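Quick notes on the structure that follows.
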Amino acid sequence: MKKSRLLPSMLSILLGTSLLVGCGGQATTSSGGESGGESSSGGGGEIHAKIGVVSFLSGSGAAYGEAQKAGLELAQEELNEANKGKLKIDLLFEDSGGKKESAINAVNKLINQDNVVAIIGPTLSGEMFAAGPIASEAETPIFGISNTAEGINDIGEYVFRNSLPESIAIPAAMKKAVDKLGIKSVAFIYASNDDFSVSGFETMKKTAEELGLENLGESTFSIGDVDFSAQLTKIKELNPDALLVSGLYKEGSLIVKKARELGIESTIIGGNGFNNPKVFEIAGDASEGLIVATPFSPEKKDEKVQAFVKAFEAKYGKQPDQFAAQAYDALYIMSQSLLAAGEADRNKLRDSLAQLKDFEGVSGKLSFDENRNPIGEAVVVVGKGGKYVPFE
Ligand code: 1QQ
């Protein structure tokens, strides 16, 4: 048993000297290896990696989780075929239902019982704030694919994300809207019981100040609410040039719909929660003109993006959204980093992830800054005819 674990690591020392030296050449204790856990190299040198996924697969945000699962499974299929004999990835899905407590339980189970080498997810920033410290404490890489709030990477050294922070996306959307539509005044509405929505609101407010926009008012709601008439009636009286909405797709779309029903004519700008096609289903015609920023557009004339869109459509019969794209990219990043690490070892994988540079994904080029935050670019899109198109 020892032997089969030693051989690949010796090989990787010989072949991958620069990588290992580059990350300090530390002697890694491969937690879980002896108990048949995360680190295995299945005979002929094939790395066998178990990756846990914690996702919002049921409840009011299930469309986020569904998109993430679809993107991951497509990538898994392609990667296991392409890496035959070198790397095999198993995905272990856990449904958190968007709840912090469930995310914590899922992360504990994946680390301690399933002995995964890394975790992808959880979906919401709030869940990552709750469960990320557990993974970091257990020296297990945890990789956010949709956590866009400020402060995610401050959780710990083992926390990564490829999701474009709202601090990049929101200013891009707001600046473009101001430039093109001459917006001078704004009002805000956000979910005060969701960490992502609160963080997004803070970014919106700061950006409005930087752009010299007049703040006419701030209202809140809760995830789970269905009636927004009181807040929106007040907002109608304020008559802002733009209404900034920070929330998840269900409540966010109902707000957009109600706003138009009440005759609010303000330009509506949303955050990352709106990057899912459910918005068009729920808000219908009211989604016309809705502005958001995203790192991914299926319309992008890029070979890699178009190949992904085609493969996704062939497998699932619909277009991928940003959540599917970032999930897909994340598994490619994991695969590349596992191959560079030379074995399914949590610490080696962490170090190899930290060195990621100029990764060319379907959601753009990705590198991490010194705090493991993604550096990427946002595309600003606008709702038109039941989908998002580039806002030009
Ligand atoms: C976050 C988000 C949400 C929109 C994910 C579904 O960006 O929680 O950070």
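Start at 1 and go down the list; that is how both ligands and their atoms are numbered. Keep in mind that this is a model prediction, so the values were computed, not measured.
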Quick check for students: name every N or O atom pair between ligand 1 and the protein closer than 3.5 Å, with distances.
{"residue": "ligand 1", "atom": "7 (O)", "partner": "Ser146", "partner atom": "O", "Å": "3.0"}
{"residue": "ligand 1", "atom": "7 (O)", "partner": "Thr148", "partner atom": "OG1", "Å": "2.8"}
{"residue": "ligand 1", "atom": "7 (O)", "partner": "Asn272", "partner atom": "ND2", "Å": "2.8"}
{"residue": "ligand 1", "atom": "8 (O)", "partner": "Ser125", "partner atom": "N", "Å": "2.7"}
{"residue": "ligand 1", "atom": "9 (O)", "partner": "Ser125", "partner atom": "OG", "Å": "2.4"}
{"residue": "ligand 1", "atom": "9 (O)", "partner": "Ser146", "partner atom": "O", "Å": "3.1"}
{"residue": "ligand 1", "atom": "9 (O)", "partner": "Thr148", "partner atom": "N", "Å": "2.8"}
{"residue": "ligand 1", "atom": "9 (O)", "partner": "Thr148", "partner atom": "OG1", "Å": "3.3"}

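- Using a cutoff of 4.0 Å between basic side-chain nitrogens and carboxylate oxygens, Lys109 and Glu94 are scored as salt-bridged.
- In this structure, a donor-acceptor pair under 3.5 Å is present between the side chains of Gln322 and Thr294.
- Between Ser167 and Glu150, the side chains place a donor N or O and an acceptor N or O closer than 3.5 Å (distance only, hydrogens not considered).
- Classification of Glu261 and Lys258 as a salt-bridged pair holds, one side-chain N sitting under 4.0 Å from a carboxylate O.
- Using a 4.0 Å cut-off between charged nitrogen and carboxylate oxygen, Lys206 and Glu210 count as a salt-bridge pair.
- Side-chain atoms of Asn275 and Asp321 include no donor-acceptor pair closer than 3.5 Å.
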